[in-house]
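Here the structure is laid out as structure tokens; the discussion comes afterwards.
First the proteins, then the strands, lettered A, B, ... as listed; each starts at 1.
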Amino acid sequence: MKKKVLLMGASGSGKTSMRSLIFSNNPASLTSRLGATIDVEQNHVRFLGDLILNLWDCGGQDAFMDTYLSTQRATIFQHVGVLIYVFDVGAHERTQDLSYFRDCLDALRKYSPDARVFLLLHKMDLVALSDRPAMLARRREELEGESSGQGVSATVFGTSIYDESLYKAWSRIVHAIIPNAAVLTKHLTTFAEACSATEVILFERTTFLVIATSSLQFPPFASPKNGAVVGNGGELTTPSAAETLHALDGTRYERTSELIKALKHSCSRLREEFSALEMELPECTAVLSEMTRNTYVLVIVHDPTIETAAIRINIRLARSKFEELQSDTIFTR
Amino acid sequence: MAPAVATAAAPPSTNVKPDSLQRSKILLLGQRRSGKTSIHRVLFDNTAPNETFYLEPTTRIEKHIYDTVIPLEIWDCPGSTSPESLGTPFSEFAVIVFVIDISNPMYQQAIKQLVDFAIAAYEESPETPFEVFVHKVDVYSDDYKLENFKQITQRVNDELFDLQMEHIQLNFQATSCYDHTIYDAFSRVIQKLIEALPYIEDLLNVFCANAQASKAFLFDIRSRLYVATDASPVDAGTHSLCCDYIKMLTAFRPLYASAIATPARITPPSRSSSTLPSRAPSAPPPFSPSAALALAQGTTLTFHQATPALALLALLPSAVYEARRGLLEYNVVFLREGVQEIVNVEREARGGT
Ligand SMILES: Nc1nc2c(ncn2[C@@H]2O[C@H](COP(=O)(O)OP(=O)(O)OP(=O)(O)O)[C@@H](O)[C@H]2O)c(=O)[nH]1
Ligand SMILES: Nc1nc2c(ncn2[C@@H]2O[C@H](COP(=O)(O)OP(=O)(O)O)[C@@H](O)[C@H]2O)c(=O)[nH]1
Ligand SMILES: [Mg+2]
């Protein structure tokens, strides 16, 4: 299955930078050396098993935009699965930007009416931290209004190549393309139970974007009955209160993608390749290892009696099952 | 009357709490915007390099303390500082670091200031090591970087020669906040201050031999500076992987902390135990974090926390790691005890408790 993904936006808005971060494992610090993209750069990225992303990075200089919207209109806008439109939050000239955006939506509606649309407010790091929520809300409203005016429903994200926000947005974009991710969640949850894990996360191998996660497991040893949690009045807290306490950091998926990608990059500088990682930390035990040819799995365990060796055996045993799942169930429609 | 006099004589600005510890002082000098404050922030305040862009200029000497194997006091000076205006004898400092911005085409002025300081420091305190960081090398490609670096060192040495001061030894290092070079350069500076360094190095050499490790570092976890390494040469790739690995582990930890499941992992210390000797035979050994990063070509990079502040990082064959975990752990325990003892001795010698 092939999905065409259009990456559009004004010149210098950061399209090629984000592509090189997510798909080519380049560090953010080197993006300043990228030249402007001439015309369209096409990439085929084998994402998962049979799912191939056909990425069209469309150079954003006016001359190119004008041809996309005129002579190349059909070529560019037909068979599009996803349109990602990138806006530089630091840009001064916005009317021109918005006018091209409108024209693109117009063409998309005609040639690929079913395409999903994602809008990235990029270079958020240039906005002071305290101003970001307000700025994002304001620009989101503006862009959502603009899209619905064109009869298109769009999802807006604030992103920056310098933090995990880029991984969050791209994980959501990819998620929209993967059919039946729910099946994966079900199997990951079964696997988590088998490992006595709190959580299991499946990543795509090259991009380290999150494909699926198990539902959060509640470790029995930390349940209120064992006295681990005592309310203010000395009484035991209710399970739901305990579950709130058990909640992990809300940004952990995208932060993990970002951290592992950075580590993979430093391995490559050593002309080495990242293979596996295991950690016994005060907070948790974790094993990150290859699951299938295209995926990595991260198993998070809080039970201190579970050894990393046991987790590794469980992963090995689950491999063929997931390989099978990936090729049959998930990607044939 | 007396208190007023005392206030006037006090140093202009300080965030140093007066403690009895005898700290090793590091003097950071250089022109305005050469990158002194950035270096301090990136290494010791966990600031991301691209965030240093917004730093305000330093207007008076700022003193920062940092505790690792040895207690440090880092003096960040404004660019206008001269040997006369410093107001503190050079012999007070354990090391002097001069930062020169390689990307500034007007470095003539910086070189003049550098030479002034080098001569003044040498005349007053010839033993104090004088380090030069040729900084911001990230702005150039590799060839151009080297050429500029050579040109600057040549200019400085020419100036010293013209003043008949060529016997002054300066140590030049190329650095950038954007990569591992600043970590490597500053690590080497700190190692000059650790009196017990040979003992720690011995422990690491013994560890390498016993655990079949090809390389071992003792890192300060928070700053990611290495305070010692074994006798084999430091390879830039391995060093930067170690830095990134520690950074990754530190950032990863809070992400998967659960308010109830995490404390239940580590047996909470019972209150009565504080009255008992800390090494009661029944007490379980304290939990110490560890990690192992396997690389595809058959090596594993291990991480073992040695003290609350320090960690051992070692590169060993994956086969050895897999087959001899027990032996490895045994050697780690041995090293950990040795390091702890050296840290205690250092601290006592400096009047700490
Ligand atoms: N501050 C900041 N700069 C960024 C970010 N993303 C990209 N940049 C910078 O923006 C500049 C332009 O990036 P490119 O990726 O080449 O832009 P592009 O959209 O591909 O431009 P065209 O190919 O001409 O359409 C580079 O110098 C990047 O380093 C970001 O999140 N924050
Ligand atoms: N390219 C580059 N810029 C740097 C580096 N270190 C610092 N800078 C920048 O240099 C400027 C001045 O830094 P600052 O620390 O305030 O200089 P100070 O006056 O010497 O304390 C800031 O804009 C930093 O972002 C570096 O390694 N590379
Ligand atoms: Mg481009």
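Looking at L129(A), there are no atoms closer than 4.5 Å to chain B (heavy atoms on both sides), in backbone or side chain. For N50(B), the part sitting under 4.5 Å from any heavy atom of chain A is the side chain, from C-beta outward, and nothing else. For R271(A), the part lying under 4.5 angstrom from a heavy atom of chain B is the backbone only. Using a 4.5 Å cut-off between heavy atoms, A309(A) makes no contact with chain B at all. With a threshold of 4.5 angstrom between heavy atoms, Y162(A) approaches chain B through side-chain atoms but not through N, CA, C or O. Residue contact with chain B, scored on non-hydrogen atoms closer than 4.5 Å, is absent for S289(A). Looking at D138(B), only its backbone comes within 4.5 Å of chain A, counting heavy atoms on both sides. Residue I300(A) touches chain B through its side chain alone, counting heavy-atom pairs closer than 4.5 Å. For V301(A), the part sitting under 4.5 Å from any heavy atom of chain B is the backbone (N, CA, C, O) and nothing else. Proximity to chain B (any heavy atom under 4.5 Å) is restricted, for E199(A), to the side chain, taken from C-beta onward. With a 4.5 Å cut-off on non-hydrogen atoms, F53(B) does not touch chain A at all. Proximity to chain A involves both the backbone and the side chain of T238(B), based on heavy atoms less than 4.5 angstrom apart. For I201(A), the part sitting under 4.5 Å from any heavy atom of chain B is the side chain, from C-beta outward, and nothing else.
Summarising the local packing, CZ of R336(B) is surrounded by more than 12 heavy atoms from other residues, nucleotides or ligands at distances under 6.0 Å.
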Practice prompt. Kindly indicate, with the supporting measurements, whether the criterion side chain to side chain contact (heavy atoms under 4.5 Å, CB included) is fulfilled by I221(B) and L310(B).
Written response: CA-CA 6 Å; I221(B) 300 169; L310(B) 302 172; 5.7 Å; no

* To do: Decide yes or no on side chain to side chain contact (heavy atoms under 4.5 Å, CB included) for T31(A) and I161(A), but give the supporting numbers first.
  => CA-CA 9 Å; T31(A) 58; I161(A) 55 171; 3.5 Å; yes

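Aromatic ring pairs are classed by plane angle as parallel below 30°, tilted from 30° to 60° and perpendicular above 60°; the pair Y144(B) and Y140(B) is perpendicular. Between Y296(A) and F208(A), the two ring planes are tilted [angle within 30° to 60°]. Between H239(B) and Y226(B), the ring-plane angle classifies as perpendicular under the 30° and 60° cut-offs.
Taking the six-membered ring where the residue is Trp, the centroids of F252(B) and Y256(B) are separated by under 6.0 Å.
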